[in-house]
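Accompanying notes for the structure given below.
Values below: all heavy atoms of this structure, side chains included; hydrogens, waters and symmetry mates excluded. Proteins come first, then strands; the chains are lettered A, B, ... in the order of their sequence lines, and each starts at number 1.
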Amino acid sequence: MTGEVAVLGAGMHPWGKWGRGFVAYGTVAARAALADAGVDWRDVGSVVGADTVRGGYPGYVAGATFAKALGWQGARVASVYAACASGAQAIATARAQLLAGLADVVLVVGADAAPKGFFRPAGGDRPDDPDWLRFRVLGATNPAYFALYARRRMAVHGDTLEDFAQVKVKNAALGALNPHARYRKAVSADEVAASTVVADPLRLLDICATSDGAAALVLSTMDFARRHGVADPVRIRAVSTVTPTYPNTVLDLPDIATDSAAAVPPGERTFRASIAHAAYEEAGIGPDDLSLAEVYDLSTALELQWYEDLGLCGEGEGAKLLRDGTTSLGGRIPVNTSGGLASFGEAVPAQAIAQVCELTWQLRGEAGGRQVAGARVGLTANQGLFGHGSSVIAVR
Amino acid sequence: MVAQWFAGEGESFRLLGTRCARCAAVHFPREDDFCRNPGCGGRELVEVALSRRGRVWSYTDGRYRPPEPYVSDPELPWEPYTLIAVELEAERMVVLGQGAPGVTVADLEVGMEVEVVSGVLHEDADTVWTTWHWRPVGVTA
Ligand SMILES: [Zn+2]
């Protein structure tokens, strides 16, 4: 158990395809978070940026990019890249600085302008890069991996296409209530079924889109929050950034084979399950304590997998949890009240931060029509390419 | 492009990995420098042929043309290919590969036995890029 840090402010740029640059989006989100916190940018001691290699800016999307846009004021700066977990690592970096006494207030920003179509690796012949190899040798896109998990669930657990469609129905209904979401209209199961197959068994509406978007947080020490007049802030109690444990036995992006379990037996938990487990351990809570969860629904089927990996139910029981309404608004543990990636789409460096923005608004009781009554504890779960875990637990 | 990942022809075609001489962990794609078992650190990695047959862990197909670096002729209509993840019992690992030409998702089931066969990934006037394919056992098309 480590110390807690306060979430003083949360902000986003609405997600969509806006045709502007990531710096503009990130600056809007940062200014919104600063205004929400009531903190002057010049009083921020450190800025942490979540990098992206997407959109043609390899390595350039750094904390300093946003610091320049907000006006150079001499703050400490850090930039992190961890694929889809970049936002969580930015939060982890900020938290470490706060707990180490290196800063009183830290601004965390992630933003991206996503390219059109399938994500693809950077150019050039790079056979030493597993991400390049899976495209070159197999043509294995991200949806292909999502589809492998979906088909496996159907075969092993008896999940149906209708179950997958109902995840989209649930998340689209919630996204319709979220002013920051890209897609703000309800979707029916029939519409999911009628959408074209991308990678069997998944349809277009089972798979999240790519988006432009940005999210930002202002974090501070608990002392600063009190001095600032915020006696009972939303607090971050755990940030999990774990790597897998050898042998990693579930086929996962971007690898074309699992580790062999011939020499070492697999551990107790899969990688995805270990991400949440590490957060629970650090926070000193368990799945029964959660009021809500934001999980990484790259595909509808993957959301059901997360229910099991978070310990919300037993293995193979994810679809049952959905069917009985447990994960819907009003259920015991609503999942993806923001609308999830189904409603936002992917803006890679922003999404793990956006998940924490949703927890913040929920825990403050400011989530409007999608508010979870009496929310006290929220968890985010996400996973970055190449073995980056990501989970944050926030409490009020 | 992916040197020494497979070898042989016809019945003797095999995927090649490496096996750690110290702990016996198997690596595919091949690992030639350090064993990836964190409790080992062995540096003697010996080439090993993987099992020829395994069972389908899962499968899918690609209904849209993947982006580069996948090579396909934009002049030709897109023909969906099948992707099959195969569990190898002896190695206790899952290896992904394209299905052999003509194998569709309708031909597949989780748990079905498949075997590795040589195949063509892409060819142009100068070069034929070979690869491995998974094919249901008993299908000889
Ligand atoms: Zn070894």
Side-chain angles (χ1 to χ4, degrees), chain A residues 115-127 129-156 196-204 245-252 255-266, chain B residues 1-3 5 15 17 19-20 22-29 35-40 50 56-72 80-88 90-98 104-106 108-111 121-122 129 131-132:
Chain A
K116 280 196 170 62
F118 289 122
F119 281 133
R120 67 185 72 186
D125 269 9
R126 296 180 299 103
D129 173 5
D131 200 36
W132 185 91
L133 279 174
R134 52 124 170 174
F135 277 93
R136 179 67 184 86
V137 178
L138 297 171
T141 59
N142 293 13
Y145 286 81
F146 311 156
L148 290 170
Y149 309 145
R151 173 61 61 185
R152 178 79 184 166
R153 288 194 62 84
M154 293 172 77
V156 176
T196 53
V197 177
V198 172
D200 180 90
L202 296 179
R203 273 68 183 159
L204 189 60
T245 304
Y246 182 90
N248 193 11
T249 56
V250 179
L251 185 68
D252 209 349
D255 293 327
I256 64 177
T258 64
D259 290 334
S260 160
V264 181
Chain B
M1 162 207 357
V2 288
W5 280 20
L15 286 170
R19 183 192 301 275
C20 173
R22 186 186 290 181
C23 78
V26 178
H27 304 89
F28 181 84
C35 176
R36 289 205 307 270
N37 172 359
C40 176
L50 302 188
V56 174
W57 183 82
S58 192
Y59 57 92
T60 183
D61 60 9
R63 301 287 178 98
Y64 294 94
R65 194 187 302 276
E68 289 179 350
Y70 191 72
V71 180
S72 67
Y81 56 83
T82 307
L83 282 171
I84 310 177
V86 177
E87 235 173 338
L88 305 179
E91 293 82 0
R92 296 192 65 189
M93 69 193 301
V94 174
V95 177
L96 189 60
Q98 289 190 347
T104 72
V105 290
L108 296 168
E109 273 178 49
V110 169
L121 180 67
H122 175 65
W129 285 272
T131 188
W132 73 96

Is it the backbone or the side chain of R36(B) that comes under 4.5 Å from a heavy atom of chain A, or both, or neither?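 R36(B) touches chain A through backbone and side-chain heavy atoms alike.
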Give, as side chain, backbone, both or neither, the part of V105(B) having an atom under 4.5 angstrom from any heavy atom of chain A.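 The answer is the side chain of V105(B).
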Can you tell which of V264(A), D200(A), V156(A) has the highest number of heavy-atom pairs within less than 4.5 Å of chain B?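 When all of V264(A), D200(A), V156(A) are compared, D200(A) has the most.
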What residue, out of A147(A), G124(A), A150(A), P201(A), has the most heavy-atom pairs lying under 4.5 Å from chain B?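 With the most close heavy-atom pairs to chain B, the winner is A147(A).
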Chain A contacts, top residue of V95(B), V110(B), D61(B) (heavy-atom pairs, under 4.5 Å):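 Sorted descending by pairs with chain A, the first entry is D61(B).
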Between chain A and each of R19(B), E68(B), E91(B), H27(B), count heavy-atom pairs under 4.5 Å; write down the option with the most.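 Counting heavy-atom pairs under 4.5 Å, the top option is E91(B).
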In the structure I gave you, are the side-chain heavy atoms of [X] and [Y] within less than 4.5 Å of one another anywhere?
X	Y	result
W57(B)	T258(A)	no
R136(A)	V71(B)	yes
T196(A)	Y64(B)	yes

Can you name the side-chain contact (heavy atoms from CB on, under 4.5 Å) partners of T141(A), sequence neighbours left out?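 Listed in chain order: F118(A), F135(A), P143(A), A144(A), P66(B), P67(B).
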Partners passing side-chain contact (heavy atoms from CB on, under 4.5 Å) against T249(A) (at least two apart in sequence or in another chain):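 Listed in chain order: P247(A), A261(A), P266(A).
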Would W129(B) and V137(A) satisfy side chain to side chain contact (heavy atoms under 4.5 Å, CB included), going step by step from the backbone distance to the final call? CA-CA 10 Å; W129(B) 285 272; V137(A) 178; over 6 Å; no
Output the distance between atom [atom1] ([X]) and atom [atom2] ([Y]), rounded to the nearest 0.5 Å.
X	Y	atom1	atom2	answer
R151(A)	L83(B)	CZ	CG	13.5 Å
M93(B)	L251(A)	CE	CG	10.0 Å
T131(B)	L138(A)	OG1	CG	6.5 Å
T60(B)	F146(A)	OG1	CZ	11.5 Å

Locate the shortest heavy-atom distance separating A263(A) from C23(B); write the atom from each residue and the value.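 So the two residues come closest at CB-O, 3.2 Å.
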Strictly distance-based, threshold 3.5 Å: is any side-chain N or O of S260(A) a donor or acceptor partner for the main-chain N or O of A25(B)?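 Flag not set: sc S260(A) to bb A25(B) has no pair under 3.5 Å.
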